[in-house]
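First the structure, in the form of structure tokens, and then the observations on it.
All figures in this text were calculated on a predicted structure; none of them were measured in a lab. Lettering follows sequence order; numbering is per chain, from 1.
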Amino acid sequence: MEEISFKRSCSCGEVNISRRGEEIDLCGWVHRRRDLGGVIFLDLRDRSGIVQAVFNPESQPGAFTVADKARIEYVMYIHGVVAKRPEGSENPSIPTGEIEIIVDKAEILNPSLTPPFSVAEDKPIDENVRLKYRYIDLRRPKNMEAFRMRHKIAMSIRKFLDSRGFLDVETPMMTRSTPEGARDYLVPSRVNPGKFYALAQSPQLFKQLLMVAGFDRYYQIARCFRDEDLRADRQPEFTQIDIEMSFVKREDIFEVVEGMLATVFHESLGIELPLPFPRMAHAEAMERYGSDKPDTRFGMELVDITGLLESTEFGIIRTAIDKGGAVKGFTFKGGANFSRKETDSIAEKAKALGAQGLFFISHGENEVKSSLLKHLGEEKIKEILEFAGAEKGDLFMFAADAGTRLREILGRLRLELGHLHGLIPEDKFSFLWVIDFPLFVKEESGGLTAEHHPFTSPLPEDIPYLESDPARARAAAYDVVLNGYELGSGSIRIHRRDVQERIFELMGLTDEQIRDRFGFLLDAFEYGAPPHGGVALGLDRLCAIMSGKDSIREVVAFPKNLSAVCPLTGSPMYIEQEHLDILHIKADVPVEANTGKI
RNA sequence: GGGGUCGUAGCGUAGCGGUUUAACGCGCCUGCCUGUCACGCAGGAGAUCGAGAGUUCAAAUCUCUUCGGCCCCGCCA
């Protein structure tokens with residue numbers, strides 16, 4: 001093969017009018033090709049941008065011949081002179097539009113098959129196709145941009161935490177299985193037949209041990225693994241900004257996280273976040289938004305009108321109240337003129353979410369309309385509108401059911417309608433801290449399980465409840481919420497052996513289970529464990545939201561699809577029995593499946 | 001495990017109240033074209049309509065099954 005000699009003196013996007021007259025060497029991909037017969041224009045693209053190269057058959061026949069053969073996505077080397085474009089042929093829509101490269105030497109470094117989809121055009125493409133050819137998909141400038149942003153965000157985080165005295169420490173990815181968390185990904189140990197490591201769900205216990213070790217302030221941008229079903233915001237492996245600090249109270253953690261996020265937003269988006277973030281008790285979030293991660297970019301808050309309907313005889317409402325339930329609803333601003341068809345469709349959605357029915361009161365220009373006018377009377381209807389703060393032109397919708405169930409249904413309906421009717425400002429970033437989570441949630445079986453995780457300290461004033469009424473105890477736990485996403489979650493940890501043991505007991509673990517699974521942690525607490533606490537933030541979610549993407553797959557270079565499959569590499573795959581034998585594993589699948597074919 | 005939605009040339013879509021050659025745009029190939037930048041013009045190739053079964057004189061279109069994508073619920077200490 002012919003020896004290719006290429007050089008690179010600058011990148012495509014860097015060329016500008018100040019280099020006029022300079023000879024330069026560029027490498028890149030053919031973005032677009034415009035063959036006018038006598039003259040060929042190639043747009044050459046690299047990470048930095050696009051520049052137009054001109055090939056003339058008379059002045060440089062050699063280069064022209066190369067350009068004649070070049071096609072879209074060929075990798076090229078060109079040498080030429082930076083020239084101001086002829087008067088009137090400038091292209092103001094690209095940064096390098098003032099100039100062009102008059103090429104006198106060109107080589108094709110590598111040809112390309114016709115790509116399965118266009119890099120130059122920014123059309124939506126089926127995601128499975130995109131992921132199969134992810135290396136082409138990522139060439140699309142808009143897609144690459146998200147990774148530039150991710151890099152900037154990570155750099156800001158590291159700089160900020162370093163400036164605050166945090167130590168970046170790596171912790172094991174291969175560790176112990178923790179049965180009470182998410183499902184683990186398991187890794188067989190060849191040298192310990194029958195034994196497995198688990199891929200870390202988070203560095204939780206290690207960072208606490210680092211506090212016992214006196215590391216004081218730790219952080220890590222850590223990969224975590226959880227074998228649960230996937231979502232737009234959930235991948236089996238994801239990245240967490242993991243932080244832990246000693247001798248701190250909740251406010252110290254808030255201050256660090258707020259400072260860090262403010263720095264990130266300032267440096268990456270030029271946006272100044274108002275500090276401190278609002279705080280809201282978990283109970284209040286559930287009451288007002290029907291969610292523990294409320295999207296506070298828009299209103300439509302839930303109101304409780306149970307009190308107004310205490311004496312009503314109307315069927316569904318009466319029944320719900322008698323059963324100890326509630327009547328709640330929210331106002332849709334300007335919704336009074338909705339057609340019957342539209343309100344029917346909203347009621348359908350509510351039913352799909354589990355509501356028994358949805359009632360409407362429309363506050364029209366001249367009259368108040370409601371299907372319940374007869375049942376409740378005009379006085380009562382007006383009272384409800386007044387109480388809900390609904391004005392002329394608004395639509396109030398409400399339902400009756402058991403309280404906790406009702407607010408979750410309405411909370412979801414609120415979100416769905418908000419999205420559907422474009423009520424959520426896209427360019428807004430609404431942060432808040434949700435605090436005072438319950439320590440435990442009741443399982444279906446009636447047992448208790450940790451709402452956050454079992455290493456979370458109860459609020460000091462609620463410690464007595466551990467004996468009298470554990471379900472009532474609140475946790476020193478907090479979530480940082482952004483635009484309705486749980487961005488991060490943390491807590492002040494337990495640092496005393498007796499309290500930690502009590503929590504495990506309340507969760508129904510036997511002494512033996514406690515010793516076996518967490519003995520090392522309890523032991524550590526007895527050797528001078530400092531009070532400590534921390535937080536972990538989802539880097540993927542942060543990047544997705546900051547880049548305006550709907551899915552974290554857009555900010556992960558090689559993500560898996562919803563079936564946890566990587567369409568590019570074909571993982572996961574069957575493993576040949578011979579290989580499994582070394583690991584002492586017998587697969588419970590048909591033998592023919594186990595042939596190692598991808 | 002459950003619900004919703006979508007599968008038609010390489011890509012994006014139309015056709016889906018039953019019929020003849022499955023249409024359009026982009027891309028691709030060939031030819032023409034010396035200032036284009038979504039270059040233009042002319043011609044051409046390319047699809048067993050995701051798969052299987054059924055109903056019918058006739059199925060991309062209707063029915064059932066199945067596979068796959070996306071979104072959601074459950075799940076995610």
Side-chain angles (χ1 to χ4, degrees), chain A residues 31-44 50-59 64 71-73 83 85-94 96-97 100 102 113-133 136-137 177-184 201-202 204-205 224-236 238 348-349 351-354 408-409 412 415-416 419 437 439-441 443-444 448-456 475 477 486 489 491 503-504 507 509 517-518 536 538 550-551 553 561-563 565 567:
Chain A
H31 190 65
R32 281 212 169 87
R33 180 171 184 274
R34 291 177 295 280
D35 182 351
L36 274 62
V39 62
I40 296 175
F41 296 97
L42 294 185
D43 289 341
L44 201 65
I50 293 165
V51 68
Q52 172 168 283
V54 192
F55 298 79
N56 196 294
E58 281 132 30
S59 52
F64 184 86
R71 291 291 179 272
I72 296 282
E73 295 310 312
R85 292 199 190 183
E87 197 69 32
S89 68
E90 300 88 354
N91 182 356
S93 62
I94 58 170
T96 61
E100 61 190 2
I102 310 294
L113 296 174
T114 302
F117 49 87
S118 168
V119 172
E121 261 180 274
D122 188 38
K123 272 196 306 204
I125 306 290
D126 178 79
E127 202 178 336
N128 239 28
V129 177
R130 289 178 54 200
L131 293 185
K132 181 171 179 191
Y133 299 97
I136 297 170
D137 185 45
S177 174
T178 51
E180 47 287 303
R183 265 185 296 273
D184 288 312
Q201 292 180 25
S202 85
Q204 182 61 37
L205 295 178
C224 305
F225 306 86
R226 292 179 194 175
D227 184 8
E228 296 294 346
D229 287 353
L230 288 77
R231 288 282 192 286
D233 62 348
R234 282 172 17 196
Q235 283 275 302
F238 61 99
E348 268 317 301
K349 285 187 203 313
K351 276 185 190 155
L353 291 169
E408 277 173 37
I409 292 167
R412 284 203 192 118
L415 274 183
E416 228 177 270
H419 280 291
F437 277 77
L439 190 59
F440 295 110
V441 286
E443 289 177 314
E444 273 178 36
L448 293 178
T449 180
E451 160 86 22
H452 181 56
H453 58 52
F455 317 109
T456 299
E486 180 194 312
S489 190
S491 64
I503 298 289
F504 286 141
M507 289 172 59
L509 295 185
R517 292 177 197 171
F518 301 107
D550 291 329
S551 160
R553 292 189 296 270
N561 66 19
L562 286 189
S563 309
V565 165

### Query
Just how far, in rounded Å, is P of B:C71 from CG of A:L353?
18 Å

### Task
Indicate yes or no: does A:D137 engage A:K132 in a salt bridge with an N to O separation below 4.0 Å.
no

### Query
Which of parallel (below 30°), tilted (30 to 60°) and perpendicular (above 60°) describes A:F504 and A:F518?
parallel

### Summary
Re B:U5: Watson-Crick or G-U wobble partner, both distances kept under 3.5 Å, found to be B:G69

### Message
Looking at A:A182, is its backbone amide N or carbonyl O close enough to the side chain of A:Q201 to form a donor-acceptor pair, meaning the two atoms are under 3.5 Å apart?
### Response
yes

### Message
Check the phosphate of B:G40 against A:R34, side-chain N and O only, distance under 4.0 Å to OP1 or OP2. Yes or no?
### Response
no

#### Entry: A:R226, nearest nucleotide to its side chain (from B:C70, B:C76, B:U36)
B:C76

### Given RNA chain B, 5'-ward residue of the pair A:D233 and A:S93, judged by closest heavy atom
A:S93

### Query
Any donor-acceptor pair under 3.5 Å joining the side chain of A:R234 to the base of B:C75?
yes

### Message
Taking any heavy-atom pair under 4.0 Å as a contact, classify A:I125: base, sugar-phosphate, or nothing.
### Response
sugar-phosphate

### Task
For A:S118, report the nucleic acid contact type (base, sugar-phosphate, nothing); a contact means any heavy atom under 4.0 Å.
nothing

### Message
Can you check the distance between B:C6 and B:U13, where both ends of the measurement are the P atom (answer in whole Å)?
### Response
12 Å

### Message
Categorize A:R32 for me: base, sugar-phosphate, or nothing, with a 4.0 angstrom heavy-atom threshold over every strand shown.
### Response
sugar-phosphate

### Query
Is there a Watson-Crick or G-U wobble partner for B:C24 with both distances under 3.5 Å, and if so, which one is it?
B:G12

### Query
Where do A:V54 and A:F41 land on the side chain to side chain contact (heavy atoms under 4.5 Å, CB included) test, with the steps shown first?
CA-CA 5 Å; A:V54 192; A:F41 296 97; 3.9 Å; yes

### Query
Given the P atoms of B:G35 and B:A14, what is the spacing between them in whole Å?
39 Å

### Query
A:E228 has an atom CD; how far is it from atom P of B:C72, in whole Å?
16 Å

### Query
In Watson-Crick or G-U wobble terms, both distances under 3.5 Å, what is the partner of B:G74?
none

### Message
Does A:P116 reach a base, just sugar-phosphate, or nothing at all? Heavy atoms under 4.0 Å.
### Response
sugar-phosphate

### Task
Could you check whether A:D227 gets within reach of a base, just the sugar-phosphate, or nothing at all, counting any heavy atom under 4.0 Å?
nothing

#### Entry: B:C29 OP1/OP2 closer than 4.0 Å to side-chain N/O of A:R71
yes

#### Entry: Sugar-phosphate only, base, or nothing, as touched by A:N128 at under 4.0 Å among non-hydrogen atoms
sugar-phosphate

### Message
Rounding to an integer number of angstrom, what distance separates B:G1 and B:G18 when you compare their P atoms?
### Response
37 Å

### Touch class at under 4.0 angstrom, heavy-atom based, for A:Q52 against every strand present
base

### Query
Does A:R130 place a side-chain N or O at less than 4.0 Å from the phosphate oxygens OP1/OP2 of B:C70?
no

### Summary
Taking B:C37, B:G69, B:C11 as options, the one with an atom nearest any side-chain atom of A:K123 is B:C11

### Query
Between atom CG in A:D229 and atom C1' in B:C71, what is the gap in whole Å?
14 Å

### Message
What is the separation between atom CZ on A:R85 and atom C1' on B:G35, rounded to the nearest whole Å?
### Response
10 Å

#### Entry: Any donor-acceptor pair under 3.5 Å from A:R553 side chain to A:N561 backbone
no

### Query
With a 4.0 Å cut-off on heavy atoms, is A:P124 in touch with a base, just the backbone sugar-phosphate, or nothing at all?
sugar-phosphate

### Message
Measuring only the P atom in each nucleotide, how far is B:A42 from B:C26? A whole number of Å is fine.
### Response
11 Å

### Summary
5'-most contact on RNA chain B (nearest-nucleotide basis), A:I102 vs A:V565, goes to A:I102

### Task
If B:U30 has a Watson-Crick or G-U wobble mate with both distances under 3.5 Å, name it; if not, just say none.
B:A42

### Task
Assign A:Q235 to base, sugar-phosphate, or nothing according to its heavy-atom contacts below 4.0 angstrom with the strands shown.
nothing

### Query
Would you find a donor on one side and an acceptor on the other, under 3.5 Å apart, between the side chain of A:Q52 and the backbone of A:G97?
no

### Rounded distance in Å - CD1 (A:I94) to P (B:A38)
9 Å

### Query
If you look at every strand shown and take non-hydrogen atoms under 4.0 Å, does A:E121 touch a base, only sugar-phosphate, or nothing?
sugar-phosphate

### Task
Taking only the side-chain heavy atoms of A:A232 (C-beta and beyond), determine which of B:G27, B:C37, B:C72 contains the nearest atom.
B:C72

#### Entry: A:T178 side-chain N/O to A:E180 backbone N/O, donor-acceptor pair under 3.5 Å
no

#### Entry: Side-chain donor or acceptor of A:S563 paired with backbone N/O of A:V565 under 3.5 Å
no

### Query
Rounding to the closest angstrom, what is the interatomic distance between B:C67 and B:A53 at atom C1'?
15 Å

### Message
Just the rounded figure in Å: distance from P of B:U36 to CD of A:E90.
### Response
12 Å

### Task
Could you tell me whether A:R231 contacts a base, only the sugar-phosphate backbone, or nothing, with contacts defined as non-hydrogen atoms closer than 4.0 Å?
base

### Query
Between atom CD in A:E348 and atom C1' in B:G4, what is the gap in whole Å?
13 Å

### Task
Assign A:R553 to base, sugar-phosphate, or nothing according to its heavy-atom contacts below 4.0 angstrom with the strands shown.
sugar-phosphate

### Message
Please give the distance between the P atoms of B:U8 and B:U61 as a whole number of Å.
### Response
13 Å

### Task
Would you kindly give the CD-to-P distance between A:E87 and B:U36, to the nearest whole Å?
14 Å

### Message
Checking the side chain of A:R33 only, and the main-chain atoms of A:R71 only, is there a donor and an acceptor separated by less than 3.5 Å?
### Response
no

### Message
What's A:I40 touching, base or sugar-phosphate or nothing? Going by heavy atoms closer than 4.0 Å.
### Response
nothing

### Query
Within the stacking criterion (centroid distance below 5.5 Å, interplanar angle below 30°), does A:F41 stack on B:U36?
yes

### Query
Taking atom P in both B:A51 and B:U36, what distance in whole Å separates the two?
46 Å

### Task
Look at all strands and tell whether A:D126 reaches a base, only sugar-phosphate, or nothing, counting heavy atoms closer than 4.0 Å.
sugar-phosphate

### A:R33 side-chain N/O to B:C37 phosphate OP1/OP2 under 4.0 Å
no

### Query
Taking only N and O in the side chain of A:S563, is any of them less than 4.0 Å away from OP1 or OP2 of B:G69?
yes

### Separation of the P atoms in B:U63 and B:U19, to the nearest angstrom
16 Å

### Proximity to the side chain of A:N91 - top-ranked nucleotide from B:C75, B:C72, B:C37
B:C37

### Task
Determine, step by step, whether A:D233 and A:E486 satisfy the side chain to side chain contact (heavy atoms under 4.5 Å, CB included) criterion, reporting the C-alpha distance in whole Å, the side-chain angles of both residues, the deciding distance to 0.1 Å, and the verdict.
CA-CA 10 Å; A:D233 62 348; A:E486 180 194 312; over 6 Å; no

